[in-house]
Amino acid sequence: MSADEKFDVIIVGAGLAGITAALVCARAGLETVVFERGEYPGAKNVSGGVLFSPIIHELIPNFWESAPVERPVTRKEFSFLSRDRSLAFEFSSGKFAQPPFNNTFSVLRAKFDRWYAEQAEEAGAFFVTETVVDDVIMDGGKAVGVKARRDEGEMYADCVIIAEGANAFLPERMGLRQPFGPRDMVTCAKEVLSLPAEAIEDRFNLEPGEGCSIDYFGEGACQGMLGAGFIYTNSDTLSVGIGVAVSDIMKRKLTPFNVLESFKSHRSVRRLLKDAKLEEYSAHLIPEYGYKKFYPRFGDGWMIAGDTAGFVNTSLYHEGTNYATMSGKLAGETAVAAKEKGDFSAATLAAYDKALEESFVMQDLKRFRDVAHFMHEHPEFLGDYPEKLIEMAERYFTVTGEPKEKVLKHAVHGFRSKLPLLRTALTSIAMMQKVLGVDPKWFLFPGKEEK
Ligand SMILES: Cc1cc2nc3c(=O)[nH]c(=O)nc-3n(C[C@H](O)[C@H](O)[C@H](O)COP(=O)(O)OP(=O)(O)OC[C@H]3O[C@@H](n4cnc5c(N)ncnc54)[C@H](O)[C@@H]3O)c2cc1C
């Protein structure tokens, strides 16, 4: 292909960000081509997760009626695991079982992304699969196309949207970012295990067709390292995995697989997985460097969306899919506006950054900007504190034949004696602010609710 024959937009990566951008561009009539290194969209995202879907619902109303979603998530559970004990908090809601299902579904990405790409294809986008993009072609500081790993691999376009996921090799080659350090990434191992639907509903206390997500923290989940374990219920499979800070796992000389096996063998986890058969195994990275290390997201002829831009919220929310779809949508809309104007310069594409700043993407990521740093500096929140809380619960519930006052004092004493009260209180307030995103001032001065 010569530079004279060109597309309007080239998108690198058919994940949630890239497909959303493709759908928006193709619907507006832009000539759109998407490069995906996998055999089909979703093939490299082999296992499952929770899809947060407000943007997909906006683009394809009631998409769950035709999309291969697994179960709406109506019950959320957070569980602290010590070596052989656990303490859990659960929330379930009948409202979440009604459309739009709280915009939260378990999905198997291999099925879902494929379906989603078909919607973009029907709108006119062209997908080139099994093709890795090695470079963005620059001409005088402007992106003018990509170099794909195939014969006649140079393809040209007015605009390149980079949505290649967490590894973000292209921005590194473009000189936009430094190589990632061990504190910048979480490494994950995940499995899909098959189990009949009725067994899933029985074991996880679910109404037929409904699903749950369980996030696990503490020693029993990640062997004292910074991270979490998870189980998500699909129709007749379970997605089970762990994610651990790369810096921690390197220090301990473990592999994600070791950590996953240990998590699966915990007494509160193994009975949930009993007799479930391994169907798939995969490993993946999650960017954790966050807001403070974000690098440029647009320039002359290019924009960056989704995980490539580091758009993941690693707080208790554990969300990336909604930031990927929203940033993909905004990048797509910016490309459409640029096409109308006939100008793909950085000055025009700056509208993408402005739209991101005004959307929940940047507002959330700014609010949660200190999560990773705080958790690295305060490992006690996933270690000592839950351990002490679990110990207190054990003492509280231990039946001894003694008066309750004695049992209760014993429970509180055990908890208090090892935790300096003032320091614990102050770091807990900081934790509430930085990790849960809740400003303690809101309790004192709640103000009027915004409509
Ligand atoms: C274990 C794990 C569990 C997670 N759980 C959740 C969850 O429950 N909820 C949630 O909201 N988020 C979750 N996330 C995060 C979420 O998966 C991501 O935020 C989201 O998938 C990002 O979408 P994306 O389109 O930016 O990238 P991806 O979905 O990673 O898509 C990138 C695509 O680009 C392709 N690609 C890469 N390089 C090239 C190249 N050079 N040329 C061509 N193609 C290329 C890849 O094959 C891939 O298909 C989880 C992540 C992991 C790893």
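We count residues from 1, following the sequence as given.
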Q.
Using modelled atom types and a 3.5 Å cut-off, is there a donor and acceptor pairing between side-chain atoms of Glu191 and backbone atoms of Leu193?
A. no
Q. Got a donor-acceptor contact below 3.5 angstrom from the Gln363 side chain to the Glu358 backbone?
A. yes
Q) How long is the gap from CZ on Phe180 to CG on Leu285, to the nearest 0.5 Å? A) 9.0 Å
Q. Taking only residues two or more places apart in sequence, or in another chain, which ones meet Glu122 in a side chain to side chain contact (heavy atoms under 4.5 Å, CB included)?
A. Gln119
Q. Which class fits the ring pair Tyr232 and Phe230: parallel under 30°, tilted 30 to 60°, perpendicular over 60°?
A. parallel
**Q.** Non-neighbouring partners of Glu377 that pass salt bridge (Lys or Arg N to Asp or Glu O under 4.0 Å), sequence neighbours left out
**A.** Arg183
In residues 13-33, what donor-acceptor pairs under 3.5 Å come from side-chain atoms, sequence neighbours left out?
from: Thr20; atom 1: OG1; to: Leu16; atom 2: O; distance (Å): 2.6
from: Thr20; atom 1: OG1; to: Tyr116; atom 2: OH; distance (Å): 2.8
from: Arg27; atom 1: NH1; to: Leu59; atom 2: O; distance (Å): 2.9
from: Arg27; atom 1: NH2; to: Leu59; atom 2: O; distance (Å): 3.1
from: Thr32; atom 1: OG1; to: Leu30; atom 2: O; distance (Å): 2.9

Q. Taking atom types as modelled and ignoring hydrogens, do the side chains of Asn322 and Thr325 form a donor-acceptor contact shorter than 3.5 angstrom?
A. no
Q. Taking Thr308 for the side chain and Gly165 for the main chain, is one N or O donor matched with an acceptor at less than 3.5 Å?
A. yes
(Q) For Gly243 versus Cys188, what's the shortest heavy-atom pair and its separation? (A) CA-SG, 3.9 Å
Q) In Å, rounded to the nearest 0.5 Å, how long is the span from CD of Glu36 to CD of Glu130? A) 10.0 Å
Q: Taking Asp353 for its side chain and Ala350 for its backbone only, find out whether a donor-acceptor pair lies under 3.5 Å.
A: no
Q. What class does the angle between the rings of Phe63 and Phe105 fall in, given that below 30° is parallel, 30 to 60° is tilted and above 60° is perpendicular?
A. perpendicular
**Q.** Thr237 and Glu279 side chains, donor-acceptor separation under 3.5 Å
**A.** no
Q) Is the count of non-hydrogen atoms from other residues, nucleotides or ligands lying under 6.0 Å from Lys329 atom NZ greater than 12? A) yes
Q.
Can you confirm if the aromatic rings of Tyr281 and Phe257 lie within a centre distance of less than 6.0 Å?
A. yes
(Q) Let's go through Glu380 and Lys388 carefully: what are the C-alpha distance in whole Å and the side-chain angles of both, what is the deciding distance for salt bridge (Lys or Arg N to Asp or Glu O under 4.0 Å) to 0.1 Å, and is it a yes or a no? (A) CA-CA 10 Å; Glu380 66 271 23; Lys388 292 286 157 294; over 6 Å; no
Q: State whether the side chain of Ser262 and the backbone N or O of Asn258 hold a donor-acceptor pair below 3.5 Å, judged by distance alone.
A: no
Q: Compare every heavy atom of Pro72 with every heavy atom of Phe101, then report the nearest pair and how far apart it is.
A: CD2-CB, 3.6 Å
(Q) Tell me whether His373 at atom NE2 has more than 12 heavy atoms from other residues, nucleotides or ligands lying less than 6.0 Å away. (A) no
Q. Can you list the residues that meet the side chain to side chain contact (heavy atoms under 4.5 Å, CB included) rule with Ala338, with sequence neighbours excluded?
A. Phe344, Thr348, Leu349
Q: Using a strict cut-off of less than 4.0 Å between a Lys/Arg side-chain nitrogen and an Asp/Glu carboxylate oxygen, indicate whether Lys44 and Glu164 qualify as a salt bridge.
A: no
Q | Counterpart residues, side chain to side chain contact (heavy atoms under 4.5 Å, CB included), relative to Lys292 (two or more places apart) | A | Arg369, Asp370
**Q.** CG on Leu272 to NZ on Lys264, rounded to 0.5 Å
**A.** 12.5 Å
Q) For the residue pair Phe217 and Phe80, does the interplanar ring angle fall in the parallel (under 30°), tilted (30 to 60°) or perpendicular (over 60°) class? A) tilted
Q. Do Tyr352 side-chain atoms and Ile304 backbone N/O form a donor-acceptor pair below 3.5 Å?
A. yes
Q.
Checking the side chain of Ser82 only, and the main-chain atoms of Glu387 only, is there a donor and an acceptor separated by less than 3.5 Å?
A. no
Q) So, Ser235 versus Glu70: side-chain donor-acceptor pair below 3.5 Å or not? A) yes
Q: Can you see which heavy atom on Thr427 is nearest to which on Phe374, and at what distance?
A: O-CZ, 3.7 Å
Q: Could you pull out all residues at least two apart from Asp134 that satisfy side chain to side chain contact (heavy atoms under 4.5 Å, CB included)?
A: Val132, Arg149, Arg173
Q. At their closest point, which heavy atom of Trp64 faces which heavy atom of Pro99, and how far apart are they?
A. CZ2-CB, 3.8 Å
Q) Would you call Glu118-Arg114 a salt bridge at under 4.0 Å N-O? A) no
Q. Quick one: do Arg75 and Glu90 make a salt bridge, cutoff under 4.0 Å?
A. yes
Q.
Side chains of Thr233 and Arg71: any donor to acceptor distance under 3.5 Å?
A. no
Q: Name the orientation class of the two ring planes belonging to Phe294 and Phe311 (parallel below 30°, tilted from 30 to 60°, perpendicular beyond 60°).
A: perpendicular
Q) Which one of Val269, Leu273, Leu278 satisfies the side-chain contact (heavy atoms from CB on, under 4.5 Å) criterion with Val240? A) Leu273
Q.
With a 4.0 Å cut-off on N to O distance, would you call Arg177 and Glu172 a salt bridge?
A. yes
**Q.** Backbone N/O of Phe169 and side chain of Asn167: donor-acceptor pair under 3.5 Å
**A.** no
(Q) Under a 3.5 Å cutoff, is there a donor and acceptor pairing between the side chains of Tyr317 and Asp364? (A) no
Q) So, Arg252 side chain and Gln223 main chain: donor-acceptor pair closer than 3.5 Å or not? A) yes
